[in-house]
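Shown next, in structure tokens, is the structure this report addresses.
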Amino acid sequence: MKKTIIALIPLGLFLLMVGLVLVPLFDGKDPSILPSAMLDKPAPEISLPAAEDGGEGLSLQDLQGAVTVVNFFASWCLPCAAEQKILAQLAAEEKVPVYGIAYKDRRSWLKDWLARTGNPFIKIGFDESGRAAIDWGVYGVPETFVIDQSGIIRYKHVGPVTPNDYKNVFKPLLAELKK
Amino acid sequence: MKFWIVLALSLMFAVPVFAVMPDEMLKDPAEEARARVISKQLRCLVCQGEDIDESGADLAADLRLLVRERITAGDSNEEVLAFIQSRYGDYVLMNPPVKSTTALLWATPLLALGGGVAMVVFYHRQQRRKR
């Protein structure tokens, strides 16, 4: 009896390893999405020129004092166009200021693009070199950050904000932070 | 004759793979060499299997420039890596750091080897007893 049990240990270990591999394979999460290394840390300094003609530049100061949403996007990014409507809805319904940072974009492209998708942003910073994105740990667009009143990064969303994300993640989080 | 042609062709294509452009390279060869070493330790987050030295992605090019900037600004190799790790997390390092959470990751090959050796020894002892 003992010999049988011992003989079955390698099989048991193998099944354990198979389980450890299969569970993440099928849980529906995208393994290439990285959690933010900057959660619960202060938002990094921003000092960007305005993306729109005659607009104001974006700085970290703008984010202080209220719960804000910062969205890194680009006019050449297809999913970014799709999420503009959701961001507008979020800004209006949750009454939260949404700031945009245009990543490696061109002002002429932006103007046309915003005319098409609508502009939910209070201000848009122009990150031509992409350096601001690196400071925030952004590795692709779109990425959306939620910052609390003290300027601490509370959440980073990789990929477009879908209606589901809005309902299940952003709405409760913003309500929670505003308390 | 065919042999020599094939040999020549295969040697022509046996070049080291890297994506660093000539205009990215630092003038000081020692600093540039450090940049290459550091780049090989940083993961490209867009094509996550490659390091930023070999990746053709835009982000990799930006990070290569950033690495060279930090070197020129006087950071040590560890400081450059820490700078980028603080923004992107542990996953950006090609070699996962040795921490309590990664202890099992590093130890598993040794444990598996040890376990295999133990099983072989155990089996041999049993065989001996049978005789």
Side-chain angles (χ1 to χ4, degrees), chain A residues 2-14 16-17 20-21 24 29-46 70 72 74 76-77 79 101 103-106 127-143 145 153 155-156 158-159, chain B residues 24 39 42-52 55 57-70 73 80-94 96-97 99 101 104-105 108-109 111-123 125-127 129-130:
Chain A
K2 189 173 133 191
K3 272 215 207 140
T4 319
I5 296 183
I6 294 182
L8 286 178
I9 289 180
L11 179 63
L13 285 175
F14 176 70
L16 180 66
M17 276 181 6
L20 283 173
V21 166
K29 298 198 202 133
D30 183 348
S32 70
I33 291 185
L34 297 190
S36 171
M38 306 178 78
L39 286 181
D40 298 326
K41 298 217 183 90
E45 185 56 58
I46 319 176
V70 175
F72 280 81
W76 43 260
C77 152
I101 296 186
Y103 175 74
K104 296 200 168 185
D105 221 326
R106 277 201 209 156
D127 185 14
E128 192 165 21
S129 62
R131 198 45 75 81
I134 292 186
D135 272 341
W136 282 61
V138 169
Y139 62 96
V141 281
E143 282 188 21
F145 292 81
I153 296 180
Y155 176 63
K156 170 168 107 152
V158 173
Chain B
E24 289 174 11
S39 299
L42 289 170
R43 184 186 308 273
C44 171
L45 297 164
V46 176
C47 358
Q48 291 173 349
E50 296 183 313
D51 59 51
I52 62 171
S55 169
D58 251 11
L59 181 63
D62 289 344
L63 287 174
R64 284 198 298 270
L65 282 172
L66 180 59
V67 164
R68 283 164 178 76
E69 256 175 51
R70 304 297 322 171
V80 176
L81 288 171
F83 185 83
I84 298 188
Q85 183 187 1
S86 68
R87 280 151 184 76
Y88 286 100
D90 293 343
Y91 191 61
V92 78
L93 300 174
M94 286 301 266
K99 301 202 293 209
T101 42
L104 196 56
L105 175 68
T108 303
L111 290 177
L113 184 63
V117 166
M119 286 201 290
V120 167
V121 166
F122 187 59
Y123 178 71
R125 285 218 189 117
Q126 277 207 311
Q127 293 295 84
R129 247 180 258 141
K130 274 197 197 150

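We use all heavy atoms of the structure for the numbers below, so side chains are in, but hydrogens, waters and symmetry mates are not.
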Exercise for the section: Write down the atom of A:Ala37, the atom of B:Tyr88, and the distance for their closest heavy-atom approach. Expected result: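 In this case the closest contact between A:Ala37 and B:Tyr88 is CB-C, 3.6 Å.
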Exercise for the section: Could you tell me which non-hydrogen atom of B:Asp62 sits nearest to which non-hydrogen atom of A:Ile134, and how far apart they are? Expected result: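 Smallest interatomic distance, heavy atoms only, reads CB-CD1, 3.8 Å.
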Measure distances from [X] to the heavy atoms of chain B and classify the residue's part below 4.5 Å as side chain, backbone, both or neither.
X	result
A:Ser36	neither
A:Pro44	neither
A:Lys3	side chain

Practice task
Can you establish whether the number of heavy atoms outside B:Phe122 located under 6.0 Å from its atom CZ is more than 12?
Solution key: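 At most 12 heavy atoms, drawn from other residues, nucleotides or ligands, come within 6.0 Å of this atom.
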Practice task
State whether the number of non-hydrogen atoms from other residues, nucleotides or ligands found under 6.0 Å of B:Glu50 atom CD is greater than 12.
Solution key: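 More than 12 within 6.0 Å, yes.
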Practice task
Find out whether B:Val92 and A:Tyr139 are in side-chain contact, i.e. whether some heavy atom of one side chain is under 4.5 Å from a heavy atom of the other.
Solution key: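 Sidechains of A:Tyr139 and B:Val92: no contact.
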Practice task
Would you indicate whether the side-chain heavy atoms of A:Ile9 and B:Met119 approach each other to under 4.5 Å?
Solution key: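 Of all side-chain heavy-atom pairs linking A:Ile9 with B:Met119, none is under 4.5 Å.
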Problem - Contacting region of B:Asp90 [heavy-atom separation from chain A under 4.5 Å] - result: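 B:Asp90 has no heavy atom closer than 4.5 Å to chain A.
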Exercise for the section: Under 4.5 Å heavy-atom distance to chain A, tell me which part of B:Ile84 shows up: side chain, backbone, both or neither. Expected result: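 No part of B:Ile84 comes within 4.5 Å of chain A.
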Problem - With sequence neighbours excluded, residues passing side chain to side chain donor-acceptor pair (under 3.5 Å) with A:Asp135 - result: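 In terms of side chain to side chain donor-acceptor pair (under 3.5 Å), with neighbours along the sequence ignored, A:Asp135 is linked to B:Arg87.
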Handout entry: For A:Tyr103, all residues meeting ring-ring contact (aromatic ring centres under 6.0 Å, His included), sequence neighbours excluded
Key =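 Counting only residues at least two positions away or on another chain, A:Tyr103 forms no ring-ring contact (aromatic ring centres under 6.0 Å, His included).
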Exercise for the section: Count the heavy-atom pairs under 4.5 Å between each of A:Arg131, A:Met38, A:Lys41 and chain B, then report the option with the highest count. Expected result: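 Top count of heavy-atom pairs under 4.5 Å with chain B: A:Arg131.
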